[in-house]
Structures are given as structure tokens and as C-alpha cells.
Amino acid sequence: MPALESRLWALNTPNTTYVVALDPHDGLRGIHWGRSLTAAQADSLRELPGAVRRSVSDGRDAVLDLAPASAFRYGVNGLQVRFADGTRDLELAFTEVVRTDRELTLVFTDGHYGLEVRTTYRTRADTDVIERSTSLVNRGAEPVEVIRADSATWVIPEREDYRLTQLFGEWGAETRINRTSLPYGETHLGSRRGHTSHQANPWAAIDDGTATESHGEVWSTALAWSGTWRLTAERAPTDRVAISVGFGHDPVSVALAPGETLETPVAAGLYATGGFAASAAAWHDYALRYVLPHPEELRPVIYNSWEATEFDISADNQAALAERAAAMGCELFVMDDGWFGSRVHDRAGLGDWHPNPDRFPDGLGPLIKRVHDLGMRFGLWVEPEMVNPDSELYRSRPDWVYHQPHRRRSEMRNQLVLNLARTDVAEWMHGRLDELLAGDEIDFLKWDMNRPFSEAGWPGAEDPDRLWFDHTRNLYRILDRLRADHPNLRIESCASGGGRVDFGILRRTDQVWTSDNTDAVDRLEIQEGFAQVYPAKVMGAWVTDSPNPFTRREVPLDFRFHAAMAGALAVGGDLLKWTEAESRRGAELVADYKRIRGTVQLGRRSPIRAGEIRGAQYGRGDETVVLAWRRSRRLGYRDPLVKLAGLESDARYRDERTGRIHHGAVLATHGLDLDLQPWDYASTMVELVRMP
Ligand code: DGJ
């Protein structure tokens with residue numbers, strides 16, 4: 001056994017320190033996650049009562065950083081297996097440490113069964129986000145059933161109280177924020193649907209109940225995985241709290257054959273001071289630097305044809321829309337659902353990925369050329385993981401969908417889910433998409449997934465539960481391969497709106513479709529929640545028609561644009577019906593967006609809440625942008641001034657539209673008069689430039 005001195009490890013990020021240490025029974029304790037400590041300070045933690053001197057057998061739950069199901073572990077166990085002889089308890093002995101400059105791996109072994117468990121921590125020089133993952137290596141002679149293999153268990157330092165922040169939702173109402181006192185016991189968030197889900201986003205934060213947007217400590221974690229997942233926040237009766245997060249869901253388990261390794265996805269963790277806004281900004285910064293495939297690239301202004309034409313697609317109506325979109329300044333034209341097979345409604349054609357010969361007798365080439373000639377890139381909608389029973393694909397391959405013997409095949413939106421865990425299905429899917437992309441004329445794919453799994457079986461497979469993991473792994477492989485072979489291809493992740501938004505998919509896509517709900521007012525709430533974790537650059541946001549097709553709400557064009565300008569702006573209305581005045585104003589607003597998008601997409605975001613006004617401030621270099629909205633006006637109430645964050649007190653800032661000069665100190669302490677129109681649905685965009 002290594003000497004006691006070497007049984008404590010401290011990891012440093014620019015502003016934080018994370019410390020783990022072994023107790024006498026090789027239990028790995030999380031003993032510090034917070035402000036930076038020197039090596040000597042970190043080392044002294046072992047002397048604190050209860051830190052590492054006693055083993056977990058004294059009954060304290062929620063203190064282990066690696067939490068194996070074993071004796072006296074009555075709380076949440078992130079690591080659970082069953083050995084071939086039925087033994088469930090793990091007896092892990094610490095065997096090795098592998099440390100490089102920025103990576104620490106601690107290796108534990110269950111000697112009798114030959115199961116090796118490796119827990120890895122990765123830090124970086126310019127982010128406080130710590131990435132963790134676990135791997136299990138079966139070095140024994142028998143298979144091991146893995147019931148739970150969480151990527152990380154994060155021990156939260158002791159505080160007086162604990163509050164949980166989660167992002168919950170539904171179709172059309174994703175990523176809404178809920179803050180709630182953390183109950184004693186176990187609180188589970190997760191998805192059993194096969195994808196990330198609209199209902200819960202794989203992220204959560206803990207604070208002591210006093211954090212605000214601008215003050216306080218916030219601990220948060222995000223899982224980089226797009227399949228099923230589970231996050232458990234445990235508050236033990238001892239008032240210790242831990243969050244354990246990983247892929248998979250109960251009652252699914254997988255067999256780990258002798259010699260096989262199971263690698264979990266990454267769970268990232270962040271400790272931030274400065275409240276929720278600082279936490280969100282640190283997540284954005286991490287995403288831009290270490291998650292997204294093209295960090296510096298700005299997202300183009302998209303035009304998407306879905307709400308304009310739905311399934312009623314023709315080469316002519318798409319070309320007419322493309323002309324209007326180009327005139328408005330859009331840079332990428334996306335033809336949505338309805339271009340392929342017999343897909344003239346949602347009852348047929350999914351799976352038959354060749355252009356509908358009635359609609360495109362000469363293929364897609366002429367339309368693509370027209371779009372390119374207009375100076376725009378061309379994008380296409382696909383939903384590769386799905387099939388309509390009324391399709392050539394299903395007629396020839398009915399066994400390719402998830403199904404179980406003697407059970408019905410339940411349809412949703414008239415479609416079934418392809419068993420992408422199968423190698424032959426994955427090969428077919430890759431081949432079909434690769435063929436579609438041949439010649440590199442298609443610049444962009446909107447990759448949709450419009451239903452969750454049901455009857456998720458795989459008759460005849462040795463270990464059918466693997467499908468829950470292998471579906472996502474094969475999806476990732478296909479995306480990675482397509483990107484490698486078509487380096488100019490950009491991809492949007494969509495699952496009936498925001499059903500697949502997470503750091504796993506964002507590692508291989510460029511933006512996401514935030515929600516099918518395009519009502520600008522509803523959108524503000526969805527966007528606020530989205531912004532707790534994900535940067536504006538990936539948040540697809542369309543300006544659509546008024547009244548909104550879903551809510552029938554009538555909202556002025558400026559408000560709709562200003563709401564969408566808080567993300568990756570796109571236009572999704574029926575431009576053939578817009579008046580000339582609307583088209584002209586639309587073009588002006590697109591031009592406004594192009595001026596500010598570098599700041600919005602890559603800058604630091606601070607939320608704005610002042611009276612009835614909601615908004616966001618973005619800062620990058622010398623530029624500050626404010627987008628603000630006031631939904632309803634209250635007679636007799638004056639709009640408050642909006643205090644700006646992060647400005648230099650001694651600097652002066654010029655308002656690019658009015659030419660007015662403001663002092664940083666005054667903007668910070670008194671605020672900016674947004675001069676909103678005195679009516680409902682007022683909105684504005686302000687550009688301030690720091691003067692030399
Ligand atoms: C769901 C998406 O979220 C919509 O934007 C659209 O692409 C439809 N699917 C098309 O079927």
C-alpha cells in the first residue's frame with residue numbers, strides 16, 4: 001500500500017482546487033471542491049476530523065468520490081456490478097496512480113474477480129471545469145454484469161443548506177429553470193427515452209440557497225451523453241451531499257466480457273463563485289474552447305423552410321423562398337422535411353433517403369445550384385434513425401427496428417426507431433448519408449430525431465440491453481466519420497426541438513434546434529434556461545410569422561427578431577407572405593445581427609432583470625451588446641434603468657446608434673436608459689463601444 005502521504009491528490013484549475021484522498025479502507029473521499037489551495041493547505045485537510053482518518057464504515061454516506069456498492073454503503077452508489085457467482089459487493093483496493101501534468105487516474109482493483117476500476121480527472125489551464133470519467137476493465141475469467149457505472153460522483157462541501165437547480169421541460173417548453181430546496185434522500189433526474197430528452201437536461205447545480213445571479217458559490221455538473229442517463233443528488237441525514245451522474249438507466253445492465261473495457265462518457269464539473277451568471281459564463285467558455293468542433297467560427301444566419309411549407313415542398317417554392325431569404329441577408333438555406341421518398345406527409349417515406357422524383361425530377365442539384373448562386377450555403381433535413389412502416393426501407397428490412405417478440409410495435413408520429421446498435425444498420429446509415437453528401441454540395445445537415453424508443457428490444461442479440469449504449473455510440477461514430485470525410489459539413493442536432501441538447505452531441509455538431517416553440521415570448525424562458533449551460537452560438541432561434549402558428553400570439557417583428565438575436569439567428573417564417581415593409585425591416589435587423597453576432601455568440605453573457613424588463617448583456621473586447629424585451633407595459637410605471645455588469649468604471653462607452661457617451665461607473669451603478677417604446681412587446685438592441 002502506498003504511504004499515507006501519497007494518498008491525497010489535489011487538482012488545480014485557474015481559480016479552484018479539487019482534493020481527493022483515500023481513507024484507511026481505500027475509500028476515495030472528496031474532501032475539497034472550492035477556492036484555490038496551496039499544496040500545503042490541501043495536504044493539511046487530511047487532519048480535519050472526519051476527513052480521511054476514519055473509513056466509510058462509520059456510516060457517513062455522500063462523502064465518496066468513487067462510490068462502489070460495498071459494505072455499509074446504504075446511499076447512492078455510482079458503481080454497481082454483479083459477478084458471475086452472484087456476488088454484488090465490490091471490494092476495491094487502491095493499486096496505482098497515473099499522473100501527468102493535467103490528468104490524474106486512480107486505479108482500483110477488486111482482486112478476487114479481477115475487475116479494474118479507473119477514475120480519471122482532467123483539468124485545463126484556462127477553465128475551472130474538471131472533466132471526469134470512469135472505466136471498468138474486466139481482467140477476470142468470467143463476465144461481469146455492470147448495473148451502474150457513473151462517470152463521476154461529486155462530493156459537495158458541507159454548507160448550512162442546499163438548493164438544487166435543474167432544467168426541466170416538455171416538447172415546446174424545454175430547459176426551464178427550477179430551483180428547489182434539496183430534500184433529504186435521493187433526487188433523481190434522467191431520461192429513459194433513448195435520447196437526452198426534453199423533460200430533463202443532463203445538468204444540475206447546487207448552492208447553499210443564497211446564491212443569486214451575481215453572488216455566491218455554485219457547484220454544477222453536466223454529462224456529455226445523448227442517450228439515457230441518470231443524475232442522483234443525495235442529501236444524507238448527516239447533511240452531506242453528493243451528485244452522481246452517468247449514462248444508462250435502471251433496470252438496464254450490460255455484460256462486460258473477460259478482457260473487455262467499458263468507458264463512460266465525460267461528466268464535467270464546475271465550482272464557480274460569482275453566482276449563477278458566472279457559472280453559466282464559465283460553462284459557455286468551456287463549451288467554446290473544449291467542446292464545439294469549430295470554436296472560433298461564427299454561426300451563419302439560417303433560413304429554414306419548415307414553418308413556411310411543411311410537407312408541401314416543391315423545387316419552385318423552395319427556390320422562391322431562397323430568393324427572399326438571400327435578399328434578407330440569410331447565409332444558409334435549409335430545406336426541411338418532405339424532399340425525399342414518398343414523404344408528402346408524416347405517414348410515409350422516412351428511411352428512403354433519395355429525392356422525391358415527382359418533386360425533384362432532376363434531383364436536388366438544380367436547387368442546390370440556385371441556392372449557391374444566390375450566395376447561400378445549402379442545408380438539408382434528415383432523420384436517419386427513423387423509419388415509417390410505409391417505406392421501401394421498412395418493407396425490405398422490418399427486422400431493423402427495435403422490437404420485442406410478441407409485443408406490438410408502437411408508433412409515434414407514424415414512425416419506428418431503427419436499431420442503430422446493429423452494425424449493419426449503422427453501416428447502411430453511414431453509407432446512405434455519405435452518398436447524399438458526395439460531391440460536397442450539401443453544406444449542412446439538420447439531423448432530427450422525432451420520437452423516443454419504445455419496445456426497445458433486439459431479438460436474438462446476446463446482450464440486448466447494449467442497444468441503449470450502442471445506439472448513441474454508433475450515432476457518434478457516424479457523425480464523426482461524416483465530419484472527417486466532409487470537413488466543410490456543419491450539423492444541427494434536433495429532436496423535435498431540444499430533445500437532444502448535451503455536451504456529447506455538441507462535441508460533433510455545430511448548433512442545436514432549441515425548441516419547436518417559435519413563439520418569441522415563450523422562447524425567452526426557454527432561452528434563459530438554455531443559457532445556464534450552453535452558449536448563444538449553438539442556440540438555434542428562428543423568427544417566424546405573427547400570429548405564431550402554435551400560440552396564435554401576435555408579436556411585433558422587432559421583438560421577434562430581438563428575441564432570436566440572443567442566439568444563432570435564423571428566419572423561419574413564410575417570407576412569400578411577408579409584406580415589403582416587413583422584408584425590408586427584416587433585412588435591417590439581419591444586418592444589425594451580423595454586426596453584433598461575434599459578441600453574442602462568443603462573448604460573456606450576463607442576464608438582465610429590471611422591473612418588467614428581461615434581457616441579456618454580452619461583452620467581448622471593447623464591445624458590449626444589450627438585448628432587452630418588455631412583454632407588457634404597466635400604465636403609470638416607469639421602466640427602470642438597467643445596470644450593466646463587467647464594465648470598466650473609468651472607461652467611457654459610446655452608444656453606436658444614438659452617439660451618446662456613457663461613463664462605465666454610471667452604467668454600473670445607476671444604469672442605462674433603454675428608452676423602450678411605451679407599449680406591449682417593446683424591445684431593443686443597444687451596442688456600446690468602449691472608447692479609446
Ligand atoms: C421536428 C423539428 O423540430 C422541426 O423543426 C421540423 O424539422 C420537423 N421535425 C419536420 O418533421
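In listed order, ligands and their atoms are each counted from 1.
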When the ring planes of Phe559 and Tyr681 are compared, do they come out parallel, tilted or perpendicular, using 30° and 60° as the limits? perpendicular
According to the salt bridge (Lys or Arg N to Asp or Glu O under 4.0 Å) rule, which pairs have a member within residues 347-366, sequence neighbours left out?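 Sorted result for residues 347-366: empty, none.
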Show every salt bridge (Lys or Arg N to Asp or Glu O under 4.0 Å) that has at least one partner inside residues 375-392, sequence neighbours left out.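 For residues 375-392, and leaving out neighbouring residues, the salt bridge (Lys or Arg N to Asp or Glu O under 4.0 Å) pairs sorted by first residue read Glu385-Arg500, Asp390-Arg395.
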Under 4.0 Å from ligand 1 - residues by heavy atom, chain and number: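 Contacting ligand 1 under 4.0 Å are Trp306, Asp336, Asp337, Trp381, Arg413, Lys446, Asp448, Asn450, Cys494, Ser496, Gly497, Trp513, Asp516, Trp542.
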Are Phe561 and Trp542, when compared by the centres of their aromatic rings, separated by less than 6.0 Å?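 Here the rings of Trp542 and Phe561 have centres that are no less than 6.0 Å from each other.
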side-chain hydrogen bond (donor to acceptor under 3.5 Å, both in side chains) pairs touching residues 563-577, sequence neighbours excluded, are Asp574-Lys577
Would the distance check show the side chain of Arg560 and the main-chain N or O of Thr544 forming a donor-acceptor pair, the cut-off being under 3.5 Å? yes
